[in-house]
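Chain naming here is simple, since letters A, B, ... match the order of the sequence lines and numbering starts at 1 in each.
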Amino acid sequence: MLSGDIPPNQTIYIKNLNEKIKKDELKRSLYCLFSQYGRILDIIALKTPKLRGQAWVCFSEVTAASNAVRQMQNFPFYEKPMRIQYAKTKSDCIAKEEGSFVPREKKKKQEEKAEKKKYADESKQSAVPNGGTHGASNGGSTASFRPGSGAQEAAAPNNILFIENLPYETTGRMLEMLFEQYPGFKEVRLIEAKPGIAFVDFEDDGQSSMAMQALQGFKITPQNPMIINFAKK
DNA sequence: AGCACA
């Protein structure tokens, strides 16, 4: 089950993804999960018959991709273990950064319409899809994940979550209602001495990860998007 | 299983 003979690449190819997850949510969750390994330049996910259940995550460094391939191999993500390899070819977003990007024209796809050479380069900038639409998500919820902001390396997977940026009036019951809907939930622990933060315990780190993805950026008040990370060990 | 850039 070695990752095969594919040489290292800044982009990782992920398969065995849960095909029921909507594209935007999938991208957002992948971003949450993989941004701990480095800066993500782009995430590609298509729902076409040939490409559903797969995604490409483009990192700014090969080393980030390598760590992701090793450490997230078989990670349970939406109930399914991720199968991760290096991508076979260079992503367009990487080629663009290097200045070597040439709009594709060969290959079997001949049906490309006349394309203007003057592409607006900014046409696809954000790797962070906006607007999580699933149950718990409220409004835009990508608050803590702008590349280039704090960029503190996230902690390694842990069954305990560390929650920050809560409004001071948050109660344990409020957090329970949010987190108990996810499997494996055990308990919420508020830190009285430190308002605005909390710990939430799950049975294992796969389950804590699912809750983190689902509730990342959830706003108890409009100005308080939750910041969720794995607790440090 | 399936390697694209909607």
Worksheet item: When the nearest nucleotide of DNA chain B is assigned to A:Thr48 and to A:Arg52 on a heavy-atom basis, which residue is associated with the more 5' position?
Response: A:Arg52
Worksheet item: Given atom CG of A:Asn9 and atom P of B:dA4, what is their separation to the nearest angstrom?
Response: 13 Å
Worksheet item: Between A:Lys50 and A:Leu46, which has a closest nucleotide on DNA chain B that is more 5'?
Response: A:Lys50
Item to complete: Would you indicate which nucleotide in B:dC5, B:dC3, B:dG2 comes nearest to any side-chain atom of A:Ala87?
Response: B:dC3
Worksheet item: Roughly how many Å is it from CG in A:Asp42 to P in B:dC5, rounded to a whole number?
Response: 12 Å
Worksheet item: So does A:Ser91 reach the base of B:dA4 with its side chain, donor to acceptor, closer than 3.5 Å?
Response: yes
Worksheet item: A:Ile14 CD1 to B:dC3 P: how many Å, rounded?
Response: 15 Å
Fill in: Closest to the A:Lys15 side chain, choosing from B:dC5, B:dC3, B:dG2
B:dG2
Worksheet, complete the sentence: A:Ile84 CD1 to B:dG2 P, in whole Å, measures 17 Å
Item to complete: Would you give the length of the straight line joining atom CD of A:Gln213 to atom CG of A:Leu33, rounded to the nearest 0.5 angstrom?
Response: 5.0 Å
Discussion item. So A:Lys47, base contact, sugar-phosphate only, or nothing? Heavy-atom distance under 4.0 Å.
Written reply: nothing
Discussion item. What is the distance, to the nearest angstrom, from the CD1 atom on A:Ile44 to the P atom on B:dA6?
Written reply: 6 Å
Response to the item:
Rounded to whole Å, the CZ-P distance (A:Arg83 to B:dC3) equals 16 Å
Worksheet item: More than 12 foreign heavy atoms under 6.0 Å from NZ of A:Lys50: is that the case here?
Response: no
Practice prompt. Check the distance between B:dA4's P and A:Gln85's CD and give it to me in whole angstrom.
Written response: 13 Å
Worksheet item: Does a sphere of radius 6.0 Å around NZ in A:Lys20 hold more than 12 heavy atoms from other residues, nucleotides or ligands, not counting ones at 6.0 Å or beyond?
Response: no
Item to complete: Go through the structure and list residues passing ring pair (Phe, Tyr, Trp, His ring centres under 6.0 Å) with A:Phe34, not counting sequence neighbours.
Response: none
Discussion item. Checking one residue: A:Phe199. Which other hydrophobic residues are in its cluster under the side-chain 4.5 Å linking rule?
Written reply: A:Ile160, A:Phe162, A:Ile191, A:Ile197
Worksheet item: Atom CD1 of A:Ile43 to atom P of B:dC5: distance rounded to whole Å?
Response: 16 Å
